[in-house]
2 protein chains.
Amino acid sequence: MNNPQSLAAPVSAGGISIAAVERDTGLGKDTLRVWERRYGFPQPLRDAFGERVYPTEQVEHLRLIKRLMDQGQRPGALLRQPIAELTERLAAGPSRAVADDTADWIVPLLKARDIDPLRAELAQRLARDGLERFVIETMPALNRRIGDGWMSGAIAIFEEHLYTELVQNQLRAAIHALGGRGTRPQILLTTVKDEEHILGLLMVEALLAANGAFALSLGAQTPIADIVGAARATNTDIVALSFSGAYPWRKSRDALIELRAALPARTELWAGGGGLAGRGRSVAGVRVIGALSDIAPTLAEWHAAHPRRSGH
Amino acid sequence: MNNPQSLAAPVSAGGISIAAVERDTGLGKDTLRVWERRYGFPQPLRDAFGERVYPTEQVEHLRLIKRLMDQGQRPGALLRQPIAELTERLAAGPSRAVADDTADWIVPLLKARDIDPLRAELAQRLARDGLERFVIETMPALNRRIGDGWMSGAIAIFEEHLYTELVQNQLRAAIHALGGRGTRPQILLTTVKDEEHILGLLMVEALLAANGAFALSLGAQTPIADIVGAARATNTDIVALSFSGAYPWRKSRDALIELRAALPARTELWAGGGGLAGRGRSVAGVRVIGALSDIAPTLAEWHAAHPRRSGH
DNA sequence: TCATAATATTGTCCTGGACAAAATAAGAAC
DNA sequence: GTTCTTATTTTGTCCAGGACAATATTATGA
């Protein structure tokens with residue numbers, strides 16, 4: 001108690017706790033423990049109380065493994081490979097590549113002390129490319145660049161926050177400017193528990209708005225029962241869910257099944273985001289949106305299937 | 001694979017699995033099990049494999065308990081109470097009072113199916129009262145009304161989300177419209193770890209903007225080290241922190257002390273929000289902003305103390 | 001070549017024990 | 001009375017190691 005130094009930080013110094021690893025990688029606590037038991041990796045240190053402390057490099061390694069698993073590879077093999085082999089596989093993987101230097105400008109701008117040029121640059125690109133292209137092409141490139149920068153230590157957390165904040169403002173302003181009102185279809189947009197991912201949500205909202213569909217966003221972390229309640233109350237045509245890549249597929253699937261069962265049959269259920277991308281067969285009654293660029297066509301399909309009737 | 005019906009649904013029939021309860025209530029698996037062991041509730045059934053199956057009513061009960069806990073009550077007492085007692089407590093709530101009927105209009109508008117009138121009403125009030133008055137007078141009344149409504153069950157969570165979303169959009173748009181750039185003082189605005197409270201942050205940002213000071217908001221949950229890093233990097237004059245009422249005072253004090261020690265002496269440190277209001281003596285070197293209405297005067301003071309020099 | 005059965009892999013659940021962190025109550029000092 | 005310490009209770013999360021259903025992979029036979 002008198003020695004805050006020794007008390008305060010099981011976190012910062014050597015590594016992070018198992019709960020933090022779960023949050024960061026999307027791998028469950030049980031999974032992490034059973035991997036350690038079976039494969040000998042990860043092999044966290046222990047703090048003074050015998051609790052696992054994962055060094056940053058191992059978390060990095062785990063993140064790499066998670067990425068490969070999302071591509072369809074199986075853990076048994078991956079966990080026995082040395083790390084060099086893994087990066088190699090990742091590079092070989094589907095459609096990596098695409099020399100991404102189109103987004104390189106963001107880093108120096110973030111690093112500069114003055115934020116006005118950054119804000120201006122973002123605004124200008126948005127204006128020049130248009131909302132749709134900005135969201136589908138520019139932003140993913142930027143996000144990836146920022147993510148990489150963060151992992152390699154080139155970008156500090158506050159700089160990532162700053163980026164998120166500025167882009168968010170741009171998107172919100174753009175959506176606001178489109179100023180749509182109660183058109184059909186009526187869309188409810190949200191994420192389930194444990195999903196933060198505000199930016200992804202906003203990207204979808206922007207794309208929908210660009211295509212004349214104005215979603216009602218409930219923000220992140222809406223419990224399933226409340227999603228159902230909201231859909232009922234607002235007479236929603238489509239409930240759209242977004243899952244980030246860190247969300248375990250099993251969980252998203254369960255959530256979708258439960259939600260599908262609880263929603264009225266006439267309400268469509270759409271799901272998308274990195275957590276579902278590439279997942280072979282989907283859940284019955286759920287429309288999986290594989291990529292951002294699929295949103296517009298899917299919306300068009302909906303319109304084709306629901307010809308406009310007079311009245312409201 | 002051949003019998004999807006029987007396979008798929010440990011979910012629907014009698015109840016739901018522990019993972020589903022965790023997702024729906026936000027109570028961790030470990031917590032659910034330890035409550036069962038200690039207090040005898042919840043008391044799930046078991047399926048053929050010995051796994052817990054929670055009946056819907058118990059999930060409902062758990063959700064009620066969670067709500068009371070969010071209100072500050074402790075589980076030990078709640079878990080021993082019969083369900084009738086709980087609903088009663090919920091209605092009683094903490095220190096209601098203050099006949100606040102100026103904000104009563106929000107509830108029926110939220111309840112109505114159509115969101116356009118709500119959006120319009122908010123926009124109109126903002127335009128009529130001006131940003132400053134809207135933030136200082138209207139919004140706190142609305143927030144309180146919404147909070148009360150939620151606790152008493154009159155307002156569903158999704159309606160609260162909806163309100164937050166709409167107000168947020170209004171504020172952001174207003175700030176954006178003021179469109180200020182790199183003026184002095186340079187302010188860094190954020191909350192520390194574990195603080196969500198986005199709306200409060202945005203209110204402060206709006207007030208500052210209304211007074212010609214454009215804060216750089218880092219969003220919520222910035223680690224202290226990163227706040228310091230950001231302040232250093234951007235040559236910040238003032239770091240402003242917001243603490244919600246739910247944040248324990250002890251923690252905010254510690255955070256402020258730590259931050260004060262780490263920041264350069266020339267950087268001022270301001271702190272405000274419900275978590276600090278009324279707290280007698282403050283931390284040395286920290287300026288406590290008691291109420292939203294104090295922001296403008298405090299800012300004026302800063303300007304008086306820092307007469308404008310030519311150049312920047 | 002394709003469907004079906006046998007086998008291997010893998011994630012989640014289980015029990016029951018432990019203990020740090022948070023909240024509260026009790027006491028001391030200004 | 002109020003603020004600061006110090007004990008005591010409460011409460012959430014972690015641990016180990018066993019088990020087994022769900023899923024993926026391989027072998028087998030028509």
Side-chain angles (χ1 to χ4, degrees), chain A residues 1-2 4 6-11 16-23 25-39 41 44-54 65-66 69 72-80 248-254 257 279-281, chain B residues 1-4 6-11 16-23 25-39 41 44-54 65-66 69 72-80 194 246-254 278-283:
Chain A
M1 265 144 245
N2 304 329
S6 67
L7 255 186
V11 176
I16 63 179
S17 74
I18 193 170
V21 175
E22 175 177 40
R23 182 161 27 74
T25 65
L27 300 165
K29 295 191 241 281
D30 278 317
T31 305
L32 289 167
R33 283 193 277 253
V34 92
W35 280 5
E36 182 181 341
R37 202 196 311 166
R38 282 185 191 147
Y39 312 112
F41 183 87
L45 311 171
R46 299 297 176 126
D47 65 9
F49 323 122
E51 304 195 340
R52 291 175 173 79
V53 175
Y54 293 84
I65 287 171
K66 179 71 183 346
M69 282 175 57
Q73 311 215 27
R74 305 187 64 190
L78 296 173
L79 282 161
R80 280 180 256 262
W249 181 65
R250 262 263 200 26
K251 288 194 178 173
S252 31
R253 194 201 47 181
D254 289 351
I257 290 175
R279 276 297 153 188
R281 98 176 114 287
Chain B
M1 255 157 220
N2 304 329
N3 191 346
S6 68
L7 259 185
V11 175
I16 62 179
S17 74
I18 193 171
V21 175
E22 173 177 39
R23 175 157 35 71
T25 64
L27 300 165
K29 294 190 243 279
D30 278 317
T31 305
L32 289 166
R33 284 193 277 253
V34 90
W35 280 5
E36 182 181 341
R37 203 197 311 168
R38 283 187 191 144
Y39 312 112
F41 183 88
L45 312 171
R46 298 296 176 126
D47 66 8
F49 322 122
E51 304 194 341
R52 292 175 174 77
V53 175
Y54 293 83
I65 288 171
K66 180 72 184 336
M69 282 176 55
Q73 311 217 25
R74 304 186 64 188
L78 296 173
L79 283 162
R80 280 181 256 262
D194 279 351
Y247 206 65
W249 180 66
R250 260 277 208 5
K251 282 198 171 176
S252 28
R253 195 198 47 177
D254 289 352
R279 273 299 150 187
R281 119 168 97 283
S282 60
V283 183

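Every value quoted in this text rests on a predicted model; they were computed, and no experiment measured them. Chain identifiers are assigned alphabetically (A, B, ...) following the order of the sequence lines, protein sequences preceding nucleic acid strands; residue numbering begins at 1 within each chain.
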Backbone N/O of Gly76(B) and side chain of Arg80(B): donor-acceptor pair under 3.5 Å: yes
Please state whether the phosphate of [N], meaning OP1 or OP2, lies under 4.0 angstrom from any side-chain nitrogen or oxygen of [X].
{"X": "Arg52(A)", "N": "dT13(D)", "result": "no"}
{"X": "Arg80(B)", "N": "dT10(D)", "result": "no"}
{"X": "Tyr39(B)", "N": "dT10(D)", "result": "no"}
{"X": "Arg253(A)", "N": "dG11(C)", "result": "no"}
{"X": "Thr31(A)", "N": "dT12(C)", "result": "yes"}
{"X": "Lys29(A)", "N": "dT13(D)", "result": "no"}
{"X": "Arg33(A)", "N": "dA16(D)", "result": "no"}

Considering only [options], which nucleotide approaches the side chain of [X] most closely?
{"X": "Pro75(B)", "options": "dT11(D), dT15(C), dG11(C)", "value": "dT11(D)"}
{"X": "Ile18(B)", "options": "dC15(D), dC14(C), dA20(C)", "value": "dC14(C)"}
{"X": "Arg74(A)", "options": "dT25(D), dA20(C), dT13(D)", "value": "dT25(D)"}

Does the side-chain contact (heavy atoms from CB on, under 4.5 Å) test come out yes or no for Arg74(B) and Met69(B), once each step is laid out? CA-CA 6 Å; Arg74(B) 304 186 64 188; Met69(B) 282 176 55; over 6 Å; no
Hey, which of these two, Trp35(B) or Asp30(A), hits DNA chain D nearer its 5' end, going by closest nucleotide? Trp35(B)
Which residue lies toward the 5' end of DNA chain D, Ala19(A) or Arg37(A), if each is placed at its nearest nucleotide? Ala19(A)
Atom-pair distance ([atom1] on [X]; [atom2] on [N]), nearest Å:
{"X": "Leu27(B)", "N": "dT13(D)", "atom1": "CG", "atom2": "P", "answer": "9 Å"}
{"X": "Leu32(B)", "N": "dT12(C)", "atom1": "CG", "atom2": "C1'", "answer": "15 Å"}
{"X": "Glu36(B)", "N": "dT11(D)", "atom1": "CD", "atom2": "C1'", "answer": "17 Å"}
{"X": "Lys251(A)", "N": "dT12(C)", "atom1": "NZ", "atom2": "C1'", "answer": "10 Å"}
{"X": "Glu22(B)", "N": "dC14(C)", "atom1": "CD", "atom2": "P", "answer": "12 Å"}
{"X": "Asp47(A)", "N": "dC15(D)", "atom1": "CG", "atom2": "C1'", "answer": "12 Å"}
{"X": "Gln73(B)", "N": "dT10(D)", "atom1": "CD", "atom2": "C1'", "answer": "15 Å"}

Glu51(A) or Arg46(B), whichever maps to the more 5' nucleotide of DNA chain C: Arg46(B)
Taking all non-hydrogen atoms of both residues, which atom of Arg23(B) and which atom of Lys251(A) are closest, and how far apart? NE-O, 4.4 Å
Is there a side-chain contact between Tyr54(B) and Thr25(B) (heavy atoms, below 4.5 Å)? no
Check this for me: does the side-chain of Arg38(A) come within 3.5 Å of the base of dG17(D) through a donor and an acceptor? no
Knowing that exactly one of Glu22(A), Glu36(A), Glu51(A) qualifies, which makes a salt bridge (Lys or Arg N to Asp or Glu O under 4.0 Å) with Lys29(A)? Glu22(A)
If you apply the rule side-chain contact (heavy atoms from CB on, under 4.5 Å), what do you find for Ile16(B) with Val21(B), and how did you get there? CA-CA 7 Å; Ile16(B) 62 179; Val21(B) 175; 3.6 Å; yes
